[in-house]
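Predicted model, so just to flag it, every value in this text is computed and none were measured. Note on naming: letters A, B, ... go to the chains in the order of the sequence lines (proteins, then strands), and numbering restarts at 1 for each one. Computed from heavy atoms alone, side chains included, the values below leave out hydrogens, waters and symmetry copies.
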Number of protein chains: 4
Amino acid sequence: MREDATAAAVPGPDAPARRPGRRRDGAKDDVILQAARELLTERGYDGMTMDAVAERAGAGKATVYRRWPSKVQLTVDSLLCSKQVTIDELPDTGSLREDLLTIFTMAGRMKNDDLMSGLLTAVRDEPEVRSVFHEQFVAGRVRLVREVLERARLRGETAPGADLDMVAAVAPAMVHYRKVVAHRPMDAEFAERLVDTVILPLATGTPADAAPDPA
Amino acid sequence: MREDATAAAVPGPDAPARRPGRRRDGAKDDVILQAARELLTERGYDGMTMDAVAERAGAGKATVYRRWPSKVQLTVDSLLCSKQVTIDELPDTGSLREDLLTIFTMAGRMKNDDLMSGLLTAVRDEPEVRSVFHEQFVAGRVRLVREVLERARLRGETAPGADLDMVAAVAPAMVHYRKVVAHRPMDAEFAERLVDTVILPLATGTPADAAPDPA
Amino acid sequence: MREDATAAAVPGPDAPARRPGRRRDGAKDDVILQAARELLTERGYDGMTMDAVAERAGAGKATVYRRWPSKVQLTVDSLLCSKQVTIDELPDTGSLREDLLTIFTMAGRMKNDDLMSGLLTAVRDEPEVRSVFHEQFVAGRVRLVREVLERARLRGETAPGADLDMVAAVAPAMVHYRKVVAHRPMDAEFAERLVDTVILPLATGTPADAAPDPA
Amino acid sequence: MREDATAAAVPGPDAPARRPGRRRDGAKDDVILQAARELLTERGYDGMTMDAVAERAGAGKATVYRRWPSKVQLTVDSLLCSKQVTIDELPDTGSLREDLLTIFTMAGRMKNDDLMSGLLTAVRDEPEVRSVFHEQFVAGRVRLVREVLERARLRGETAPGADLDMVAAVAPAMVHYRKVVAHRPMDAEFAERLVDTVILPLATGTPADAAPDPA
DNA sequence: CGGTAACCGAGACGGTACGTCCGGTCTTCCT
DNA sequence: AGGAAGACCGGACGTACCGTCTCGGTTACCG
């Protein structure tokens, strides 16, 4: 997403001939992203002015635009670089139910979803944005749940015929819909109900007891 | 949502004293909404300028603003007036599976979801928009699925302990996520898989056979 | 110079069909020009920001740009509409020497010359600007002096063979050069010397007495 | 004008201690000035970007700024280093009229005046620039004419009471005004008229015959 | 001959003005 | 009175340029 002018990540053996000139201040990327994230949180997408971002980052507008070609791209990146939960930092509780609740608790604390609403327009129109966005906010989350389910499968917790891939897709969809579309909090109560009446039954093949009021 | 200045829909017996002057051209409402919808489809939310809407509708901007107080409200209305599927027009196939597939097929043909992405920002910030939006795009859809599930329950197709409210909430979430966030089509294949491996198992308490690749 | 969208100055007999829509606020032109002139005086050409002009005029930038297509054009206009001395307001002292000294005294008080320096670049590149500029700052001034000389000729003060047109051209050139290029004040001392050793001798054909240090 | 960091022109007896390090590439000065002059001619003052100057000179911007502290200074220098006519290279024709015509013919070929328009703003604001500018473009030219007049005086061509200093100041003013302000060419016709109806009469005290249209 | 300091091209940096665009309001005339 | 046209304010957008600073690399003097 970010413009990688200085890329040359892995200089080939044929001398990639590093471009001359002053190197980009790598630290500035983070400062700008941080400023963008703060303003996004404080004022929302429309309130996040590029001038304001530059000012808060102590940067010139040119510096911002040299690295991100548009406001949308900057926003995407500032969301991407938000801490993403990965499977490694997810404690293996040994229980599928506990693992899932942990994920939903974490998801409930993330503010990404509130902010990304302003981006969906861009996602629709700019293919380049779409793929990055998709990887981070869709595939990544599905993968996380899928991993937890896989652990459970290895422990023999899951039903033999369960479509774990599909089940893994249900969780992020529900989280997103609740936070972004329905605008209701992803609280513990809803998390438990989601796990106990949807995810677990699907994964383990064991029907659950009913409960009231979903949406 | 629309400003009902001319309301007086049903003139009471106390002589409503029709205001003098030219009556609002009722047909204009539709022309404007149509223009808005077209532009929304062609250029997305940002590309749908109020100037462009007015021009295409052959109206002045003032005319548009006299009827809708803001761009967001106009957008909401132009989405609302899109044909919404109601339980009444849903043929009772007598089979839960068929009912669900019918719903998803219809949902797959709707373009609403693509368009509403631009609104989520407004939904976040303007409470007034939120409720209308929620009723139409969240509760309405959940209710539709819920009705179908209720029919099935009355036929004895559902498991006794199934949380039908929750199950009904899963379907719109999956549809929205797939179309708006993942930007993949809501095709027959996915619909079947969703029904067979998620909705039906949850509703009927009968585990299903596996299948590949969800997201 | 100003964009005359509302022109239709003299509606032809074929009914020019006045365009509908809000008319331009004619008063705004003057407010903007006034703001521009003030800022030009206070801060110079570079300091006269378009944003500042708009703000001081209580106008939006779009309003300014709707009327003048660029900063240069606005500046030219704001200089043009500065009070220009015309032959009518010039008291006929009955003496060529007094008339000339009056002109130079007035010229010494004008700040136009200081301000127009920033424009000469534009004058060079934009033919449209050139003609307006020329009429106001060149021809107009020459004409003024020419009138005074003509009065004198009618009184018989001038030499028969004197090239009054050429003589009239000398005065503005000297004023401009002294103020803009040499950046020295157009004070009474210089004015007298200019009149007594250059203009009068040329006009009357009567050589003058010497004096020291010109430039 | 140019920054003489490497100066040490005349090493004093107190051990000038030449600084170590690479010497400045003296040839670069000329390359840069040449680039500046070309761009000035091609695109005018505003179009002469410092980036463009550096690029065309095959230099870095730092190299340019190490030698000239600002765009204005560079411009002044690039104009200054244009060939200036000095009294020595002016053939003594033995006739004041011929001498003057020679000067004006040369002046007519110079492009300096067109280019310096962009500088007048800077001249107004920066005293440092003013003096250099003044010396070169004002005093120098006046001096040249003054010299020619002096030759004539020694030959007895001039009137006893003529204010030769003032007369010498008229010529550059007229040239500048015609070229920069009036934007008309300094052609032979105008030169002759200027000499015959203004300069010569003033210098020799001999009135001339009339002629039409000056400005 | 190796160190050191000033040079070099390239280009990123902070700041700031420019001119464009849009949302929402207000005004003018016409029907 | 309602409607079409369009001017109005405010303010964000993305571009361009100035003058400075930094980078890695290249001279040339000096010890």
request  = Take atom CZ of Arg56(C) and atom P of dC9(F), then tell me their distance rounded to the nearest Å.
outcome  = 16 Å

query = Between Tyr65(C) and Met50(C), which heavy-atom pair has the shortest distance, and what is it?
reply = OH-CG, 3.4 Å

key: dA4(F) phosphate, OP1 or OP2, under 4.0 Å from Thr63(B) side-chain N/O   = yes

ask   = Could you state the CG-P distance from Leu74(D) to dC17(F), rounded to the nearest angstrom?
value = 16 Å

ask   = Does Arg66(B) make a side-chain N or O approach to OP1 or OP2 of dG3(F) shorter than 4.0 Å?
value = yes

key: Arg22(A) CZ to dC23(F) P, straight-line distance once rounded to whole Å   = 7 Å

inquiry  = Distance check needed: dG15(E) P versus Glu55(A) CD, whole Å only.
reply    = 9 Å

ask   = Does Ala57(B) or Gly60(C) map to a spot on DNA chain F nearer the 5' end, using the closest nucleotide for each?
value = Ala57(B)

message = Under a 3.5 Å distance rule, please check whether Thr49(B) uses its side chain to pair with a backbone N or O of Ala52(B) as donor and acceptor.
response = no

inquiry  = In this structure, how many angstroms lie between the C1' atom of dT16(E) and the CZ atom of Arg43(C), rounded?
reply    = 14 Å

task = Establish, with yes or no, whether the OP1 or OP2 oxygen of dC29(E) is under 4.0 angstrom from a side-chain nitrogen or oxygen of Arg23(C).
result = yes

task = Report the distance from atom CG of Asp25(D) to atom C1' of dA6(E), rounded to the nearest whole Å.
result = 13 Å

Atom pairs, protein N/O to nucleotides 17-21 of chain E N/O, distance under 3.5 Å:
{"residue": "dC18(E)", "atom": "OP1", "partner": "Lys71(C)", "partner atom": "NZ", "Å": "3.2"}
{"residue": "dC18(E)", "atom": "OP2", "partner": "Met50(C)", "partner atom": "N", "Å": "2.6"}
{"residue": "dG19(E)", "atom": "OP2", "partner": "Tyr65(C)", "partner atom": "OH", "Å": "2.5"}
{"residue": "dG19(E)", "atom": "O5'", "partner": "Tyr65(C)", "partner atom": "OH", "Å": "3.3"}
{"residue": "dG19(E)", "atom": "N7", "partner": "Lys61(C)", "partner atom": "NZ", "Å": "2.7"}
{"residue": "dG19(E)", "atom": "O6", "partner": "Lys61(C)", "partner atom": "NZ", "Å": "2.9"}

remark   = Closest heavy-atom pair, Arg67(D) versus Thr63(D), reported as atoms and distance to 0.1 Å, is CD-O, 3.3 Å

ask   = Between Arg43(C) and Leu39(C), is any pair of side-chain heavy atoms under 4.5 Å apart?
value = yes

ask   = Would you say the side chain of Val31(C) lies within less than 4.5 Å of the side chain of Asp25(C), judging by non-hydrogen atoms?
value = no

inquiry  = Can you tell me which residue among Asp77(B), Asp29(B), Thr75(B) is in a side-chain hydrogen bond (donor to acceptor under 3.5 Å, both in side chains) with Trp68(B)?
reply    = Asp77(B)

